[in-house]
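What you are looking at is a predicted structure, and each value in this text was computed from that prediction instead of being measured.
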Amino acid sequence: MNDAPNVLALSLEEASRRLTEAGYEFTVEVLLPPRDHEEDFQDKHVRKYVVRQQSLSCNKLVLTVVYRV
């Protein structure tokens, strides 16, 4: 059973804080529309939100995030 905090719909910053405090490691995958690239958002104020949380193994997760401008 996975007791990781539920961080869905939280900002990446808040999700990161909660998971780190709970002792979890995680990686981040960005989900962008097909024609967009991460470089397109470099000079913009972007808010990142968690839309998927997947357990890989003990205390390791993958968070999928989307960008909002």
Criterion side-chain contact (heavy atoms from CB on, under 4.5 Å) against Leu63, the qualifying member of Lys48, Glu29, Gln53: Gln53

Closest heavy-atom pair and its distance - Ala15, Val7: CB-CB, 3.6 Å

Hydrophobic cluster membership, Val28 vs Val50, 4.5 Å side-chain cutoff: yes

CD on Glu25 to CG on Leu19, rounded to 0.5 Å: 11.0 Å

Separation between OH of Tyr49 and CG of Leu8, rounded to the nearest 0.5 Å: 14.5 Å

Value rounded to 0.5 Å, distance of CG in Asp3 from OG in Ser55: 10.0 Å

Residue list, ring-ring contact (aromatic ring centres under 6.0 Å, His included) with Phe26, at least two apart or on another chain: none

Non-neighbouring partners of Glu21 that pass salt bridge (charged side-chain N to carboxylate O under 4.0 Å, His left out), sequence neighbours left out: Arg17

Common cluster, Leu32/Val46, ILVMFWY with side-chain heavy-atom separation under 4.5 Å: yes

Under 3.5 Å: donor-acceptor pair, side chain of Ser11, backbone of Glu14: yes

Expected output: side-chain Tyr24 to main-chain Leu61 donor-acceptor under 3.5 Å: no

Counterpart residues, side chain to side chain contact (heavy atoms under 4.5 Å, CB included), relative to Glu39 (two or more places apart): His37, Gln42

